[in-house]
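Start at 1 with the first residue, then count along the sequence. The figures here come from the full heavy-atom set of this structure, side chains too, leaving out hydrogens, waters and symmetry mates. In each ligand, atom 1 is the first atom listed, and ligand 1 is the first ligand listed.
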Amino acid sequence: MIILGIETSCDETAISLIEAERDKLKTLSNIISSQVKLHARWGGVVPNLAAREHLKNIIPVLKTAFKKAGVKPSNIDLIATTQGPGLIPALLIGANAAKTLSYVWKKPLIGIHHIEGHIYANFIRVDPKFKIQNSKFPILCLVVSGGHTQLVLMKKHLDYKIIGQTLDDAVGEAFDKTARILGLGYPGGPAIAAYAAKWKSKNSKNKTIHNTLYKIHDTKLPRPMINSKDFNFSFSGLKTAVLYKVKKLKKLPVTDYELLVTGIAAEFQQAAIDVLISKTIKAAEKYNPKTIMLAGGVSANQELRKQLSEFIEKNLPSARYILPAISYSTDNAAMVAAAGYFRWREMPAARRKKALRNWQTLQADANLELA
Ligand code: KG4
Ligand code: ZN
């Protein structure tokens, strides 16, 4: 079957067509129109500006997605759209487009939770050797995005138990806010990652200067809640610790401020990774998952991908580690179509029939819960 996916929950207008054949999901097209440059001027996403851009771009993106995939509207079997959570003005554009297309083309429509989409990005086949059977249940999924930080336990498809989550900021939000404090621009995640990599390479080349700076100014940051017994997270204190450190540094006669900022970026990234990994391993020791997955925009972080892999190999050798291709880590619509496929697969005939009329009832919901 062919599924059309639509995603407009934040600042990417994304449309994708995927083909599903006995649980093998192949991307036919995956078009993303990013608004990063527009929002960078404001240091973050402005909801009404995002909505305007979605409105402007959604039809051209739709046309490109069909052209690239080489299919016609009559070929598609299902429309899946992000229902929430997200910015309501932004969500409404995608939901309205999906409802209109469902009505006009007489195709069934399913609303998808954005995080469910991120999780199902792991089920898209990126290389011919990929086998869906590799992802055995129970699955423990570490969800790390701009709006969410959760540990989700899945005993079967579409079954989500949140066993831990952030009590304040999401980890992606902490990356973004820290980057702003350090003056590294928007979006913060890739900027921090790039500076952290620079620190690592400089560190090996020029260890002495580095270590002296490090010692004098002490870039060490806290690892919030790393020792708490639960599986919850907290990242707002980490960001505040960076703020205090920078304020202190600005008063000092530092010769190489840029180098110190680089050091703080690296230390912040490592602090966040340490907490994420420690909680994931702890949760895995309790719940014994057969598969550990990574999902959400922060899963594009190379250090997190690599270090989690090393920890799993060392501490949980029997668990399989699955992570989304980089191109499916941050927001996209292929992941929404993928989740749509699994929802459709589990639906009894009567509900599938009802999905033809979902255009009448589907509501975008900024605070939709994962269920
Ligand atoms: O999933 P996503 O694209 O949108 C939301 O659902 O929120 O995640 C966006 C978040 C942003 O906070 C961004 O800074 C972060 O993912 N991000 C990264 C990286 N790439 C994106 N964080 C760390 N390292 C990266 N390479
Ligand atoms: Zn996302």
Interatomic distance, Ser329 atom OG to Leu323 atom CG [nearest 0.5 angstrom]: 7.0 Å

Short N-O contact, Glu173 and Lys177, less than 4.0 angstrom: yes

Distance (rounded to the nearest 0.5 Å) between Phe66 CZ and Ile31 CD1: 11.5 Å

Proximal candidate to atom 22 (N) of ligand 1 [heavy atom criterion; set Ala191, Ser329, Gly189]: Gly189

Close-contact set for ligand 1 against Gly147 heavy atoms, below 4.0 Å: 7 (O)

Axial cation check for Tyr195 ring with Lys198, 6.0 Å and 45° limits: yes

Min side-chain heavy-atom separation Lys107-Asp77 under 4.5 Å: no

Test log, rule salt bridge (Lys or Arg N to Asp or Glu O under 4.0 Å), inputs Glu267 and Arg223: CA-CA 10 Å; Glu267 171 65 5; Arg223 269 68 176 156; 2.7 Å; yes

Audit row: Arg343, Glu116, salt bridge (Lys or Arg N to Asp or Glu O under 4.0 Å) steps and yes/no: CA-CA 10 Å; Arg343 286 236 158 238; Glu116 177 168 68; 2.8 Å; yes

Heavy-atom nearest neighbour in the protein, as seen from atom 2 (P) of ligand 1, with distance rounded to 0.1 Å: Asp331 OD1, 3.3 Å

Asp331, N/O/S atom nearest the Zn ion (ligand 2): OD1

Presence of N, O or S from His114 under 2.8 Å of the Zn ion (ligand 2): yes

Side chain, backbone, both or neither: the part of His118 lying under 4.0 Å from ligand 1 by heavy atom: side chain

Option passing side chain to side chain contact (heavy atoms under 4.5 Å, CB included) with Phe268 (candidates Leu182, Leu221, Ile181, Ile273): Leu221

2.8 Å cut-off met by an N, O or S atom of His118 to the Zn ion (ligand 2): yes

Per-atom contacts of ligand 1 with Gly146, taking only distances under 4.0 Å to non-hydrogen atoms: 5 (C), 7 (O), 8 (O), 9 (C), 10 (C), 12 (O)

Residue and atom name of the nearest protein heavy atom (relative to atom 24 (N) of ligand 1), distance in Å to one decimal: Asn301 ND2, 3.0 Å

Which residue and heavy atom of the protein sit nearest atom 15 (C) of ligand 1, plus the separation: Val298 CG2, 3.9 Å

N/O separation below 3.5 Å, Gly297 to ligand 1: yes

Element-labelled atoms of ligand 1 that are located less than 4.0 Å from some non-hydrogen atom of His114: 6 (O)

Close approach, Cys10 and ligand 1, non-hydrogen under 4.0 angstrom: no

Atoms in ligand 1 with a heavy atom of Ala300 nearer than 4.0 Å: 20 (N), 26 (N)

Tyr120 ring center near His157 ring center (under 6.0 Å): yes

Ligand 1-proximal atoms of His148, by part, heavy-atom distance under 4.0 Å: neither

Nitrogen or oxygen of Asp176 less than 3.5 angstrom from that of ligand 1: yes

Per-atom contacts, ligand 1 versus Thr330 - under 4.0 Å to a heavy atom: 3 (O), 21 (C)

Full working for side chain to side chain donor-acceptor pair (under 3.5 Å) between Gln35 and Ser33: CA-CA 7 Å; Gln35 307 172 6; Ser33 167; over 6 Å; no

Atoms in ligand 1 with a heavy atom of Gly172 nearer than 4.0 Å: 12 (O)

Residues Tyr321 and Thr291: side-chain donor-acceptor under 3.5 angstrom: no

